[in-house]
Amino acid sequence: MSLPIMGAPDKKAKKLTVYTIEECVKCKKPVKREFKDGDLVHKILDKCKDCNENIMISLIYGEAPKKN
Amino acid sequence: MDLIFIIGAGNTQITSNPIINLAIIYLPLALLVLYGQKLQTWLITNDLSKTVGRLKEMKDKSREETIAHITEGIDNKEETIKRLDSFLEYFTIMPVDLDPAGVINKLDHIMTSRDMRMKSEIQQLFPDLDELKANSIENVIEIATSFNFVYKIVRHFYLVGKKTNNFLLLAQLQMIIPFLMLQADALNKAMATFKKNQPIGDAIGPMIVGKLMLEHEKHDIAVDTVYAESDISGRKTILVTAKGPAGTVGQPGNAVQELINKENPSLLIMIDAALKLEGEKTGEVAEGIGAAIGGIGVDKFKIEEAATQNNLPVYAIVIKQSLVEAISLMTKEIAESVDTVHDIINRIIEERTKPNDKVIIVGVGNTIGVIQ
Ligand SMILES: [Zn+2]
């Protein structure tokens with residue numbers, strides 16, 4: 001019983017691209033870019049151009065690249 | 001079709017020549033009756049030998065990758081590789097549970113000494129490493145060790161089945177192989193993620209609570225575990241999670257136990273990743289009751305014990321994901337559940353507590369790649 005609870009193998013698993021979402025803590029405008037080494041969730045990057053608040057990495061996740 | 005039709009018609013003759021009939025129908029039938037199982041055993045053995053070979057390839061690759069990762073920029077490569085191979089064979093002996101009273105304490109002791117030993121040996125081996133890299137090495141070695149273990153178990157059953165020509169043993173192994181390969185695949189993907197310090201699916205709990213902890217002062221409370229005080233809707237909120245961004249689950253059991261006894265809260269909310277059932281959507285959020293925490297059971301026991309003694313209700317919020325998703329790179333669906341869970345936390349606190357009450361919120365999971 002305990003083995004099948006893990007689920008079934010996914011045969012068509014796609015390769016994920018890692019993205020980093022940067023967001024200004026005040027104006028909340030998200031910018032999506034590819035992951036760079038050293039990126040960490042909630043890491044403070046530089047200042048926002050518009051309001052001079054901190055820009056923070058809000059999310060890092062993998063997403064299957066969209067078909068063109 | 002024609003053949004079956006002719007046989008099924010009750011007329012078991014294909015031609016009028018009895019020798020050809022014997023050769024086509026009765027001889028193969030007799031052979032299959034007598035040697036059918038042998039044939040099947042042979043087929044299964046063949047199939048399994050391919051899978052075991054593939055598993056060995058994957059295991060060797062994980063070892064190579066581990067070596068590449070830990071010897072990065074190190075001169076004394078040979079000594080390090082020798083030590084790594086001994087790490088791969090490390091084992092843990094579980095305490096005897098014939099007399100189960102107190103077995104949790106023994107288990108706790110064994111697991112803690114195991115972690116401490118691993119940490120100190122890595123520190124000895126690489127004295128100049130920063131905490132993040134040292135932790136990454138620890139995790140990668142642990143994954144390679146699991147890989148080694150899965151491979152050895154599969155190989156064991158394969159060889160025993162083959163040597164004793166045991167059809168049933170081989171058939172059982174063939175039945176569970178897809179699940180073991182699933183695990184191997186998960187370990188493979190985990191390795192890649194842990195090497196780069198990217199968040200895994202299991203990090204969603206620490207990520208949700210970690211976001212609430214930003215800009216609040218963090219205090220150490222147990223090994224690799226921190227807490228911070230905050231305010232949600234006029235309630236004093238105590239936020240607990242493992243200390244990131246290194247890959248660790250911390251000791252939520254000890255931390256929560258201490259905080260419950262010290263603060264006497266009126267609600268405990270636990271947030272964790274949970275294994276989804278096939279057909280359920282990844283990233284789905286579900287609410288429930290009880291201590292949402294996995295692992296070997298030590299932390300769960302401590303939290304349940306403290307909650308029961310203090311008559312403290314425990315609310316659980318889980319984010320559904322598969323085994324592979326839980327230990328490899330966090331997917332978009334999981335990451336985007338953060339706001340949903342924050343809304344649920346606010347709602348629970350407003351509905352279930354009164355202003356000036358105290359609430360403990362625990363983000364359970366491996367906090368790799370997540371800063372608080
Ligand atoms: Zn801004």
Side-chain angles (χ1 to χ4, degrees), chain A, chain B residues 132 172 175-186 189 192-193 195-201 203-204 206-208 210-215 244-246 275-280 282-283 321-326 328-339 367-372:
Chain A
M1 245 336 260
S2 65
L3 277 172
I5 206 80
M6 288 172 8
D10 196 357
K11 289 211 177 79
K12 48 180 192 322
K14 293 155 243 128
K15 199 149 171 39
L16 301 177
T17 313
V18 194
Y19 291 105
T20 300
I21 310 293
E22 291 176 11
E23 210 176 270
C24 162
V25 288
K26 198 170 164 200
C27 34
K28 306 268 177 204
K29 212 179 84 199
V31 178
K32 184 172 173 178
R33 60 166 170 86
E34 283 203 20
F35 176 87
K36 280 196 299 251
D37 276 346
D39 280 356
L40 297 163
V41 178
H42 300 152
K43 186 177 178 179
I44 306 287
L45 303 167
D46 29 50
K47 298 278 179 201
C48 174
K49 282 191 204 104
D50 301 333
C51 62
N52 214 25
E53 276 287 342
N54 287 326
I55 291 185
M56 185 179 76
I57 294 179
S58 63
L59 296 174
I60 293 173
Y61 58 70
E63 194 183 12
K66 287 192 192 81
K67 277 180 219 140
N68 291 317
Chain B
L132 195 60
Q172 286 188 61
M175 273 183 249
I176 63 164
I177 271 285
F179 303 108
L180 295 171
M181 290 310 279
L182 178 77
Q183 210 160 16
D185 182 43
K189 288 187 174 152
T193 315
K195 266 166 42 182
K196 288 188 183 157
N197 280 314
Q198 291 163 342
I200 56 172
I204 188 69
M207 209 163 114
I208 289 165
K211 194 166 184 186
L212 299 174
M213 285 167 103
L214 293 171
E215 288 166 19
L275 231 44
K276 67 166 185 173
L277 294 172
E278 207 57 30
E280 283 185 311
T282 296
Q321 44 198 277
S322 72
L323 175 82
V324 180
E325 285 163 340
S328 57
L329 178 64
M330 184 182 285
T331 61
K332 189 176 186 218
E333 295 83 7
I334 300 171
E336 286 180 343
S337 68
V338 174
D339 292 336
T367 178
I368 183 151
V370 181
I371 300 171
Q372 286 82 34

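Just so it is clear: chains get the letters A, B, ... in the order the sequence lines come, proteins before strands, and each one is counted from 1.
The CG atom of A:D37 sits 9.0 Å away from the CG atom of B:N197 when rounded to the nearest 0.5 Å. Taking CD of B:E333 as the reference point, atom CD of A:E63 lies at 8.0 Å (rounded to 0.5 Å). Atom NZ of B:K332 is separated from atom OH of A:Y19 by 10.0 Å, given to the nearest 0.5 angstrom.
Other residues, nucleotides and ligands contribute only 12 or fewer heavy atoms inside 6.0 Å of the NZ atom of B:K196. Heavy atoms from other residues, nucleotides or ligands lying under 6.0 Å from NZ of A:K29 number 12 at most.
In this structure, B:Q372 and A:H42 have side chains that are not in contact, with every pair of non-hydrogen atoms separated by 4.5 Å or more. The shortest side-chain heavy-atom distance between A:M56 and B:L214 falls under the 4.5 Å cut-off.
For A:L16, the part lying near chain B is the side chain, with the backbone staying farther off; criterion is any non-hydrogen pair under 4.5 Å.
Of the options B:V370, B:I371, B:I368, a side chain to side chain contact (heavy atoms under 4.5 Å, CB included) to A:L40 is made by B:I371 and by none of the others.
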Walk me through it: do A:L59 and B:M207 pass the test side chain to side chain contact (heavy atoms under 4.5 Å, CB included)? CA-CA 9 Å; A:L59 296 174; B:M207 209 163 114; 3.2 Å; yes
